[in-house]
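Have a look at the structure below before the remarks.
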Protein chains: 2
Amino acid sequence: MTLTSLQQEFVLHFGEMGSRWGINRTVGQIYALLFISSEPLNAETITDALAISRSNTSMGLKELQSWNLVRLKHVQGDRRDYFTTPDDLWEIVRTLVAERKKREIDPTLTKLRELELQGPAGDDYAEARIAELREMIEMMTGFYAEMEKLETQRLVKLMTLGSRIAGLIDKTGAMFPALTKRK
Amino acid sequence: MTLTSLQQEFVLHFGEMGSRWGINRTVGQIYALLFISSEPLNAETITDALAISRSNTSMGLKELQSWNLVRLKHVQGDRRDYFTTPDDLWEIVRTLVAERKKREIDPTLTKLRELELQGPAGDDYAEARIAELREMIEMMTGFYAEMEKLETQRLVKLMTLGSRIAGLIDKTGAMFPALTKRK
DNA sequence: CAGTGATTTCAGAAATTTCTGAAATGTAAG
DNA sequence: CTTACATTTCAGAAATTTCTGAAATCACTG
């Protein structure tokens, strides 16, 4: 498979960005290629489109699968595995956020709780700082859990509303009547 | 400087997590150490607390400064530079989000716009996919820009309210009267 | 259940990133 | 201007990550 120059540029960009995210260049490129391909691709096709080794493709796909970022498809009369990304961009974003939370946030939250359980260590400042950090992370993950439940439509509306929502809350942090009365 | 076992564990954890984020172990450790230290620390102190080379400390601090994550302080009658993290956790989070956006999102947005400007490349699917991705990123960064403007107090309240806010929007995505009337 | 092709595994090679010590540069004080 | 630190730079060493080709495993098919 030969890439159009548009595909080429897109794929290369995601490869470079990959390192800024926590993933490697090849994984970024594979994902980008699947993302802009209208049809599912098999490992062989990816291998030659990106000019990498077959085994590298295999590892990259495995990595993407562990992130739940690609779906496996099968073509009638073809034994090979074909891969795609979900059509729904929101689904992709949800997955991405969920997985990053799992890998980047949750372990830290666990560790902080563990440290607090070890009880007073005679370092009041550090202890207070750790507690404060834990509380903040809990607040943010709690908010995230709520947002995760929302249907996409409502989420979109919420984002579009933007800061107009904040108008409902006065400076002291109390809610305006409009919000408290209803429900 | 010798670390208490609490400090030790905290610092090592952030070192390990560092690689899951885009930063390296040492940078994570330096930041963690500054974060749980009640007093500003100089490079020499950091160097021996973490058992790394003086030059490594210098590079790590430079990296943290480029992220705006540390502040430089000076102690009367001492020529050395002392470093701390802001007391306000919210300020830290805001900085972190802003910097990650700058490094991880903005370049991609620019690239996508650039690709669109290059005009029809005869690959309708890829073009549509790119446009869709650009729109989603614009929506999210737009929402972020709004949230960034809010005072911390309101932001906290908003997060605590959580999904109750979503009750204000009906399934079709239209706002409920309560929200539209008050303005 | 042998044969064929697809996929994965894995040890070492290649590439990249991180770290160090030595030298260079910067800076305040005398 | 010179001395006395403090900090930064930088080339090479060390460590880590990524990539490859060969071999192993897996799984259909006839």
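Small disclaimer: the values here were computed from a predicted structure and weren't measured.
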Looking only at the side chain of [X] (C-beta and beyond, no hydrogens), which of the listed nucleotides [options] gets closest?
X	options	value
A/Arg79	D/dC28, D/dA6, D/dC19	D/dC28
B/Ile52	C/dT20, D/dG21, C/dA6	C/dT20
B/Met59	C/dT20, C/dT4, D/dT7	C/dT20
A/Arg80	C/dA6, D/dT20, C/dT20	C/dA6

Rounded off to whole Å, could you give me the [atom1]-to-[atom2] distance for the [X] and [N] pair?
X	N	atom1	atom2	result
A/Glu44	C/dT7	CD	C1'	11 Å
A/Glu16	C/dT16	CD	P	12 Å
A/Gln65	C/dT9	CD	P	11 Å
A/Ile46	C/dT7	CD1	C1'	13 Å
B/Asn56	D/dT8	CG	P	13 Å
B/Leu50	C/dT18	CG	P	16 Å
B/Lys62	C/dT18	NZ	C1'	14 Å
A/Asp81	D/dC28	CG	C1'	12 Å

Using a heavy-atom cut-off of under 4.0 Å over every strand shown, decide if [X] touches base, sugar-phosphate, or nothing.
X	answer
B/Thr26	sugar-phosphate
A/Asn24	sugar-phosphate
A/Arg54	base

Count the heavy atoms belonging to other residues, nucleotides or ligands that lie under 6.0 Å from CZ of B/Arg100, then report whether that count exceeds 12.
yes

Margin query: Any donor-acceptor pair under 3.5 Å linking the side-chain atoms of A/Arg129 with those of B/Thr85?
Written below: yes

Smallest heavy-atom separation, A/Gln29 atom then A/Gly15 atom, equals CG-CA, 3.7 Å

Residue pair A/Ser55/B/Tyr82 against DNA chain D: nearer the 5' end by closest nucleotide is B/Tyr82

- prompt: Any donor-acceptor pair under 3.5 Å between the side chain of A/Ser53 and the base of D/dG21?
  reply: no

query = Under 4.0 Å between a Lys/Arg side-chain N and an Asp/Glu carboxylate O for A/Arg94 and A/Glu91?
reply =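 Salt bridge: no.
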
- Item | Note: B/Arg134-B/Glu116 ion pair, threshold 4.0 Å (strictly below) |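 Yes.
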
Closest nucleotide of DNA chain C for A/Ser19 versus for A/Ser58: which of these residues is on the 5' side?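 So the residue in question is A/Ser58.
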
On DNA chain C, does the nearest nucleotide to A/Asn42 precede the nearest nucleotide to A/Arg25 from the 5' side, or the other way round? Give the residue.
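Final value for this comparison: A/Asn42.
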
